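A short write-up of the structure that comes next.
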Amino acid sequence: MDIFIGRQPILDRNENVVAYELLYRNSSVNKYEGLDHDSATIDVMVNSFTGIGIREVGDRKKCFINFTENLLLNRVPTYISPEYIVVEILENVNLSDEILTVCMELKSKGYIIALDDVAVNRDMSALLPFIDIIKIDYLAMSKKDIKDMIKKYKGEVTFLAEKIENRDEFEEAKRLGFTYFQGYFFSKPVILQGRDIAPIPTNYLLLLEKLNSTDPDVNEISDLIQHDLSLSYKLLKVMNSGTYIFKSKVTSIKQAVVLLGLYEIKKLIMILMMSSMKKKENQTELVKMSLTRAAFFESTARVFGLHKNQMYMFGMFSLIDTILNKNMKDIIDDLPITKELAKALVGKNEKYNRALAIVQSIERGDWDGVQTLCRDFSITDAELILFFQASTLSTDKLVQADQESEVH
């Protein structure tokens, strides 16, 4: 399914881009279109960090993301490293004691906090110790009020002028004391577009249940993730996005779970689940084929003389270029997989190529082709077909259970 993000640059006094504000978009139409603010923010987070990719979205700069009162109280900003985001508190957030506590926590964790669309009469005294940037709508406030506010808080916070629309306004805003600037004078929001993979929502619920148990089983949790194409892809992509720094390459789901930790895994699952609740697109057959291939290759790995974990991953990701409508070479750059698996996915490993040719022949019903390809292996075509049928049945049960849960 297509995913979209609006991105508008934030510049300094020398007109250098220092950050971006990320904006919710649900199509290539460059405007906000009717979604509640909670869901809009969740979509922006998921599409940026597990969809398009934070390197492409942020260009190694911090990204301003709007957060509602509800999302702040639920500590949703902590789902993303402070290295990558600026927490922008919307103007309608009630600065209650609970919100102040959240801001204090965020500040202690290293997050930069911005207050959006500050009005001239807003009392910010309680929040002042925790905020770093005040954003002002340059067209909505008088120049006298702007000057008075900057003078009052000079040295305590940095000011950002929004809705700068021409050179004269930019130069005037600089004279008034603004440090950062944003608006159509520099750039209208640019729409970034990518593709996402439809998840299996019931896996999220099951994973959260396992993660919340008194004694979580890492092997069980890893296995659940491994059997979900969407989760597997997103987890490995996040692990390789630069959000987390590890000494060595992460090449398996279990390794990712162990290195990231169950708490971080839980946060990732929660944010993906919130995003998936309103999304559904007909990728079911492609996902089913991927899961079936993964199960088939895992059960027949010894036949092809290959490691079953590598074969499982090979099957899982063998159709991901079709699902995401991207070149496989570009996709594997974002996945911390072994060199062997990377070569296999782009067709440069003969053993994997022969295994893929067999499963493709089975999928097409080319029984003569299956029989011919089997001659180099110590197994009959009938036995391989039985393995494939068993893999198909297990995948069908998984998908059917998910669909039945949605009905009920």
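The shown structure was predicted, so the numbers you read here are calculated from the model rather than taken from an experiment.
- A distance of 5.0 Å separates CD1 in Ile358 from CG in Leu373, rounded to the nearest 0.5 Å.
- With salt bridges taken as basic N to acidic carboxylate O contacts below 4.0 Å, none links Asp321 and Lys329.
- Between Phe387 and Ser299 the shortest heavy-atom distance is CD2-OG, 3.7 Å.
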- Message: Could you walk me through whether Leu356 and Phe314 satisfy the side chain to side chain contact (heavy atoms under 4.5 Å, CB included) test, starting with their C-alpha distance in whole Å, then the side-chain angles of each, then the deciding distance to 0.1 Å, before giving a yes or no?
- Response: CA-CA 9 Å; Leu356 183 60; Phe314 176 63; 4.1 Å; yes
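- Pairing each heavy atom of Asn349 with each of Ala344, the nearest pair is CB-CA, 4.0 Å.
- Put simply, the side chain of Lys163 never gets that close to the backbone of Gln182: no donor and acceptor are under 3.5 Å apart.
- Contact record, Ser318 with Met328: O-CE, 4.0 Å, taken as the closest heavy-atom pair.
- Here the side chain of Asp137 pairs no donor or acceptor atom with the backbone of Asp117 at under 3.5 angstrom.
- Taking all atoms of both residues into account, the shortest heavy-atom contact from Ala173 to Phe181 is CB-CE2, 3.7 Å.
- For the pair Arg293 and Glu363, the salt-bridge criterion is met [side-chain N within less than 4.0 Å of a carboxylate O].
- Ile385 is listed as a side-chain neighbour of Gln389, based on a closest heavy-atom distance under 4.5 Å.
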- Task: Check the pair Glu15, Lys174 against salt bridge (charged side-chain N to carboxylate O under 4.0 Å, His left out), reporting the backbone distance first and the verdict last.
- Result: CA-CA 11 Å; Glu15 299 185 49; Lys174 283 202 296 184; 5.7 Å; no
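- Summarising the geometry, atom CG belonging to Leu22 is positioned 11.0 Å from atom CD belonging to Gln8; distances are rounded to the nearest 0.5 Å.
- Residues Asn66 and Glu21 have side chains in contact (heavy-atom distance under 4.5 Å, counting atoms from C-beta outward).
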- Derivation of the side chain to side chain contact (heavy atoms under 4.5 Å, CB included) call for Ile133 and Glu88: CA-CA 9 Å; Ile133 298 169; Glu88 187 168 333; over 6 Å; no
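- Using a distance-only test at 3.5 Å, with no hydrogens or angles considered, no donor-acceptor pair links the side chain of Asn14 to the main chain of Asn16.
- With a 4.5 Å cut-off on side-chain heavy atoms, Ile85 and Val87 count as touching.
- Between Phe67 and Val93, every side-chain heavy-atom pair lies at or beyond the 4.5 Å cut-off.
- Considering all non-hydrogen atoms of both residues, Asp12 and Tyr180 come closest at CA-CD2, 4.1 Å.
- Taking OH from Tyr111 and OG1 from Thr78, the interatomic distance works out to 5.0 Å, rounded to the nearest 0.5 Å.
- To the nearest 0.5 Å, atom NZ of residue Lys135 and atom CD1 of residue Ile10 are 5.0 Å apart.
- Residues Phe130 and Cys103 share a closest heavy-atom pair of CB-CB, 3.9 Å.
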- Task: Evaluate the criterion side chain to side chain contact (heavy atoms under 4.5 Å, CB included) for residue pair Met311 and Glu298; output intermediate values, then yes/no.
- Result: CA-CA 6 Å; Met311 284 293 278; Glu298 184 181 43; 5.8 Å; no
- Message: What verdict does the side chain to side chain donor-acceptor pair (under 3.5 Å) test give for Tyr138 and Glu165, after you've listed the backbone C-alpha separation in whole Å, the side-chain angles of each residue and the deciding distance to 0.1 Å?
- Response: CA-CA 9 Å; Tyr138 196 74; Glu165 296 191 349; over 6 Å; no
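- For Lys62 (side chain) and Pro82 (main-chain N/O), a donor-acceptor pair under 3.5 Å exists by modelled atom type.
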- Message: For a side chain to side chain contact (heavy atoms under 4.5 Å, CB included) check, start with the C-alpha distance between Asn94 and Ile99, then their side-chain angles and the critical distance, and finish with the verdict.
- Response: CA-CA 8 Å; Asn94 177 31; Ile99 289 295; 5.9 Å; no
- Task: Evaluate ring-ring contact (aromatic ring centres under 6.0 Å, His included) for Phe296 paired with Phe388, printing each intermediate quantity in order.
- Result: CA-CA 6 Å; Phe296 173 74; Phe388 186 82; 5.8 Å; yes
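- Atom CG of Leu176 sits about 11.5 Å away from atom CD of Glu171, to the nearest 0.5 Å.
- We find the CD1-CG distance between Ile112 and Leu106 to be 12.0 Å, quoted to the nearest 0.5 Å.
- The closest side-chain heavy-atom distance from Glu383 to Leu386 is not below 4.5 Å.
- Distance alone, capped at 3.5 Å, places no donor-acceptor pair between the Glu156 side chain and the Tyr153 backbone.
- Between Phe178 and Phe159, the ring planes are perpendicular. Angles over 60° get that label, and only those under 30° would be called parallel.
- Between Tyr352 and Leu306 there is a side-chain heavy-atom pair separated by less than 4.5 Å.
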